[in-house]
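Have a look at the structure below, then the notes.
Computed from a prediction, not measured in an experiment: that's the story for all the values here. Per chain, numbering begins at 1; letters A, B, ... match sequence-line order.
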Amino acid sequence: MTILIIAVVVVAAAGTGGYYAYNTYFNIPPPEKVTLTMWTHYTGNASDPIKNYIAEYQTLHPEITISYEAIDYEQLVTKIPAEFLAGNLPDIIHYGGTGDLAERGVISEAPSDIAQDIRDNFIELGVQGVTSNGTIWGYPDEAGNALFIYNEEMFQEAGITNPPTTWDEMTEDFRKLAKLDNSGQPIQLAMSIPIESDENTAMFNMLMMADGGDPISGTPPRVHWDSQAGIGAAKLIRSWIDNGYANPTWMTWQEGIRKEKIACAIVASWFGHWEIEVQDPAVFAIFRAVPIPYNPNQVNHSVSIGYNMACYVTSQSKHPRQAWDFLKWLNSDTIPDKTYTRMADQIAIGVGMPCCHKTSDHPLYHTTWLEPFVTALRTSGAARAMPQIKGGTEVQEILHRSLQRIWVENADVETTLEQAAQEANNILQENYPG
Amino acid sequence: MEKKKKTLNKKTRRTLTAVLFLLPVLSVLTVFVFGPVAFTFYISFFKWDFYTTPEFNGLGNYINLFTRNVAFQTALINTVMYTILQVAMTIGLALLLAFMITERSNVLRIVYFMPVVTSAVADGLIWKYMYEPHYGLFNYALSFFSLPTPAWLLDSQTSLLSIVFMDVWKAVGFYMIILLAGLKGLPRTYYEAARTDGASTWQSVRMVTLPLLKPALLFVLIMNVLGSFQVFTSVFMLTQGGPGYSSLTISFLTYKTAFNFFKMGDGCAMSVVLTLIVLAISVFQMRMFRKGGMMEY
């Protein structure tokens, strides 16, 4: 027994001495203790998957501690600049708006290996969404795009067997769907016009692209709302109102869709879940999504606008390499025995869609509702991100209010869009002289 | 000489004591009020997006507001319109209610005062539902009497008015209480004298009550105008300044410009302009109402 104890002590001493001798000789320092801080907008139960994955990563990398903070998205808008000024930004932020953040020096460029990983493994829309001035700035994760959604039962009642694919078909279907009473007041409308929300500008931009136009493009970037395509799209929407197919002031569009008083809309994927399914599952079950109808005189396929959020490493991070390695593990590496990534699992809770190619088998993305959105998102050329520009928020606000004036005040389409484009381009000229 | 020295020391001591007592409050005011106001004024001469170093722009921000910023010009007009409507309706209604419930029970006072203490955000949410064109309470009531049903918040013609209605409902109780206190403080002798001279009720109100109530009315007017020019919560909750620019106000535009568009210089310039306008109006009001009240009577 004594000999056994002595033997154990000798072996332990030899091992420890050998370890330090080895490190000393080869000058290998012990692993640095690193704490990473991360902000996302996943609050409450919605943050359970990511918290579990953080715990898993910490087990795999004991030298790394990740401090997770959930902040409401609206609060992040003002918190990020305030903390940037104070020098207190976290290592990682999960946010949207690459252009603004990159131009202002808030976030760091992705290292070359990470940038290559993003180009190789993420969808076109996702890569566009994190690219500014030709450089990749973050891991795109949660994407969303918009399609034409319609109430299948209302279509059947109107005698429409197939949803429209072109503008002419859409107009004809609307004529069948809209119903007015004897005094000319609507009983049922064909199409919703979301004048209160960002969906307003998204709908216009998508119809403009479906008319062969490009809302914002060029180097330096400029808006083209007053082009033939933009005027065409605005006049199309205006004609719906004039013909009684749509009425932005009759009732709010969410109410109209939920109460089956409005048959169609152009909305994002998450809208179906949060605004329809959660509120009224029975109504949700009869909604279908198809590509947005296009003008065949100008283009030969449908195009949707997509957007995405991303995980960025901030410029104030003291451990950028460790932060990027964690983000790669979270966003790009698949879960063992599964064919989707950890971030895909997190995003599934909010019914958003992941940007990584390695997510095709996640069960959520094979539902009747989401599959068309996923297909459009992953089909090259079918979904495009809007250019990431500085001042983008203000520019979209100008478009939003101008469109409201056209729909509600019956302002002249050409004049209003021309004034809006001029005002927006003045702002872009200040941000991008040349 | 020694006695004079002792008096000076006593005066100095008193001054020092007063300063010491005021120091904590002044410190807080300096940090949280005077400091930010001065900083706002300073930044209004710069272009600053919060992230990068401020760039001196002289009077450029101010010139831009009045020559190129269509949103600001529209917001200024809207804010003035809102103030005129809101102040007239609130004070008129508050005065009427004060007259009506002078001798009544406390229950009515509580009922009219309750909107004052409710959360402005909660009020906004509820009124938004009530204004809903198809299913809202207001249009339901109007359709019951076969009256026209406007789109309220979704119509440029009625969006600003809708905000005015909600804010009048919210504020009238507060000003009613102030005017009520003013009415209660008026001596009865003037009314007895007026009755003796054969004055009617309306003549008593016009020639006795209103002149004596001037100080209270001035206070109510200044407070209401100050508050109206800074209207924000109801715009934020109900319309976000739309449709178009129809209900856009200066405070809301200042918030959007500074915290959504990250144009702090322009936002600060808007704040300074608003402050100057409100200051000018307050001075004007005080001069207008300088005479009046019981002392003058």
Distance from [X] atom [atom1] to [Y] atom [atom2], nearest 0.5 Å?
X      : Y      : atom1 : atom2 : answer
B:F50  : A:T78  : CZ    : OG1   : 8.0 Å
B:T239 : A:Q404 : OG1   : CD    : 9.0 Å
A:Q396 : B:N260 : CD    : CG    : 13.0 Å
B:Y245 : A:I398 : OH    : CD1   : 6.0 Å
B:K263 : A:T393 : NZ    : OG1   : 11.5 Å

Quiz prompt | Option that, when pairs with chain A are counted at under 4.5 Å, heavy atom only, ranks first among B:G244, B:S156, B:G242 | solution = B:G244
Heavy-atom neighbours of [X] [atom1] exceed 12 at 6.0 Å:
X      : atom1 : value
B:E55  : CD    : no
B:Y129 : OH    : no
B:M89  : CE    : yes
B:F41  : CZ    : no
B:Y42  : OH    : no

Which atoms form the tightest heavy-atom contact between [X] and [Y], and what is the distance?
X      : Y      : value
B:Q240 : A:R401 : O-NH2, 2.7 Å
B:P133 : A:W250 : CB-O, 3.3 Å
A:T249 : B:L154 : CG2-O, 3.0 Å

Quiz item: What option among A:E409, A:E103, A:R405 has the most heavy-atom pairs under 4.5 Å with chain B?
Solution: A:E409
Practice problem: Quick one: which of A:L85, A:N426, A:I80 has the most heavy-atom pairs under 4.5 Å with chain B, could you say? | Solution: A:L85
At a 4.5 Å cut-off on heavy atoms, which part of [X] comes close to chain B: side chain, backbone, both, or neither?
X      : value
A:Q422 : neither
A:S402 : neither
A:V106 : side chain
A:P248 : backbone
A:E423 : side chain

Quiz item: With side chains defined as the heavy atoms from C-beta onward, is the minimum distance between A:R104 and B:D49 less than 4.5 Å?
Solution: yes
Quiz item: Are any non-hydrogen side-chain atoms of B:V70 and A:Q419 less than 4.5 angstrom apart?
Solution: no
Quiz prompt | Residues of residues 252-265 of chain A near chain B, each having a heavy atom less than 4.5 Å away | solution = A:T252, A:E255, A:K259, A:K261
Quiz item: Partners of B:P150 by side chain to side chain contact (heavy atoms under 4.5 Å, CB included), sequence neighbours excluded?
Solution: B:N139, B:L142, B:W152, B:T158
Quiz prompt | Per-residue contact mode, B:L153 against chain A (heavy atom under 4.5 angstrom) | solution = neither
